[in-house]
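Down below is the structure, laid out as structure tokens.
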Amino acid sequence: MRILQVSAMVFVLLLGSAGFGQEAAQAPFVAVIGTDGVQRVEITGGSYYFNPNHIVVKVNVPVVLVVKKAGGATPHSIFLKAPEAGIDFEVNLKTEPTNISFTPTKVGTYPFWCTKRAPLSSKSHKDHGMTGTLEVVD
Ligand SMILES: [Cu+2]
């Protein structure tokens, strides 16, 4: 019985660490079009993740990303540059939500990431896995 308990704990620990600091296998978050015709998605950023990190939106329908920081002193941002698709932003995350508005004009898969890097660190937050994907579909 004791061995069973310990192995169950190890299993939980392994599960917990598998998703840490990397783009965990997460079900895509499919944005719903609100009664105001806007696809609104809340994104929280922390060390070193975005939640959700895979977002699906419809082309030619306005999007509002409501972004915020999970908390803590570490600065984070969200950056996506795809001007050919009408998407181009870089916002420093605050604990208070910030709205990012755009209308995606081109179907495709667009990566976003955090541009921050700890002082004296060779690895950026992006290197630590603080990345995500915005998928624009028809
Ligand atoms: Cu960051």
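Values in this document were obtained by computation on a predicted structure and should not be read as measured data. Atoms within a ligand are numbered from 1 in the order they appear, just like the ligands themselves.
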Next on the checklist: Only N/O/S atoms count here: what is the atom of His125 closest to the Cu ion (ligand 1) called?
Outcome noted: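 For His125, the N, O or S atom at the smallest distance from the Cu ion (ligand 1) is ND1.
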Next on the checklist: Counting backbone and side-chain atoms alike, is an N, O or S atom of Tyr48 positioned under 2.8 Å from the Cu ion (ligand 1)?
Outcome noted: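 Given the 2.8 Å cut-off, Tyr48 does not count as a ligand of the Cu ion (ligand 1).
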Checklist entry - What does the angle at the Cu ion (ligand 1) come to, between atom ND1 of His76 and atom SG of Cys114, rounded to 10°? => result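 Result: 130°, to 10°.
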Checklist entry - When the ring planes of His76 and His125 are compared, do they come out parallel, tilted or perpendicular, using 30° and 60° as the limits? => result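 Tilted.
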Checklist entry - Got more than 12 heavy atoms from elsewhere within 6.0 Å of CD, Glu90? => result yes
Checklist entry - Thr44 versus Leu93: any side-chain heavy-atom pair under 4.5 Å? => result no
Next on the checklist: Can a donor-acceptor pair be found, under 3.5 Å and without considering hydrogens, that links the side chain of Lys126 to the backbone of Gly129?
Outcome noted: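 Not a single qualifying donor-acceptor pair exists.
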